[in-house]
> 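Questions regarding the structure given below will be posed in turn.
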Amino acid sequence: GGKQVKTISIYLASTRNFQREEKTVEAFCKAEAFFCSKILKNLEIKYKFNTYIAGSIDIIPKHFRESINEICSITNQNSELKINLCIAYNPIDEIWEASNKAQTKEDFVSNLWVNSPLDILIRSGHSNSISNFLPIQNGYSWV
């Protein structure tokens, strides 16, 4: 058989998104909480993938955080399939944390929140910007 997709990283929101007007933050958090608790939860049960958080979950509203924690709690530990939810993501925070944890230069990548390179980037909307989405991991991806 051909190659199988084993990891998907979804950019839900950057830390900058949480600096927007309160109504806007409330609206996208409500929509993304629904996505996590209904759509992604059903997909996780069907496909048995592991869900990981890449970001600063402590800055997001409680109801959204609860839906993310719920999806992570039903993770299938035996699966090779993986979903990274980039929420309240900032590459500077990711790099800072990885550099503080890494013991060697070679150890740095394994300490990133998303520690594998991306093969392809699919950008929705009408923007050509990657909006700070996994800049290290996107180094050689197809767009």
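Being a predicted model, the structure only gives us computed values, none of them experimental. One is the number of the first residue; the rest follow in order along the sequence. Just the heavy atoms: all of them, side chains too, but no hydrogens, waters or symmetry mates, feed the values below.
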> Is I83 close to L85 at the side-chain level, that is, under 4.5 Å between some pair of heavy atoms?
yes
> For K38, check side-chain hydrogen bond (donor to acceptor under 3.5 Å, both in side chains) against everything at least two apart and list the hits.
none
> What heavy-atom pair brings C86 and V114 nearest, and what distance separates the two atoms?
SG-CG2, 4.4 Å
> Scan for side chain to side chain donor-acceptor pair (under 3.5 Å) pairs involving residues 92-102, sequence neighbours excluded, and state none if there are none.
Y89-E94, E94-Q137, E97-K101, E97-W113
> Roughly how far, to the nearest 0.5 Å, is CD1 of I60 from OG1 of T15?
12.5 Å
> I95: which other cluster members, linking ILVMFWY side chains closer than 4.5 Å, directly or transitively?
F108, V109, L112, I136
> Out of curiosity, E44 CD to N50 CG, how far, rounded to the nearest 0.5 Å?
7.5 Å
> For the atom pair CG (L121) and OG (S141), what is the distance rounded to the nearest 0.5 Å?
5.5 Å
> Check for me, please, whether I10 and V5 land in the same ILVMFWY cluster - side-chain distances under 4.5 Å, paths through other members count.
yes
> Just do the side-chain contact (heavy atoms from CB on, under 4.5 Å) check on F64 and I57 with the steps written out, would you?
CA-CA 9 Å; F64 189 11; I57 195 169; over 6 Å; no
> Less than 4.5 Å apart, any side-chain heavy atom of L134 and any of Y11?
no
> If a pair satisfies side chain to side chain donor-acceptor pair (under 3.5 Å) and one of its residues is in residues 102-112, list it, with sequence neighbours excluded.
D107-S110, D107-N111
> Would you verify whether the NZ or CZ of K82 falls within 45 degrees of the ring axis of Y52 while also being under 6.0 Å from that six-membered ring's centre?
yes
> Within this structure, what is the CD1-OG1 distance for the pair I68 and T51, rounded to the nearest 0.5 Å?
10.5 Å
> What distance separates L40 CG from C72 SG, expressed to the nearest 0.5 Å?
9.0 Å
> Extract all donor-acceptor atom pairs below 3.5 Å that involve side chains of residues 16-37 and protein atoms in other chains or at least two apart in sequence.
residue, atom, partner, partner atom, Å
N17, OD1, S14, N, 2.6
N17, OD1, S14, OG, 3.2
S37, OG, A33, O, 2.9

> What distance do T7 atom OG1 and E80 atom CD have between them, rounded to the nearest 0.5 Å?
9.5 Å
> Quick one: side chain to side chain donor-acceptor pair (under 3.5 Å) pairs with a partner in residues 55-70, sequence neighbours left out?
K41-E70
> Consider only side-chain heavy atoms of I, L, V, M, F, W and Y, link residues closer than 4.5 Å, and tell whether I92 and I87 are in one cluster.
no
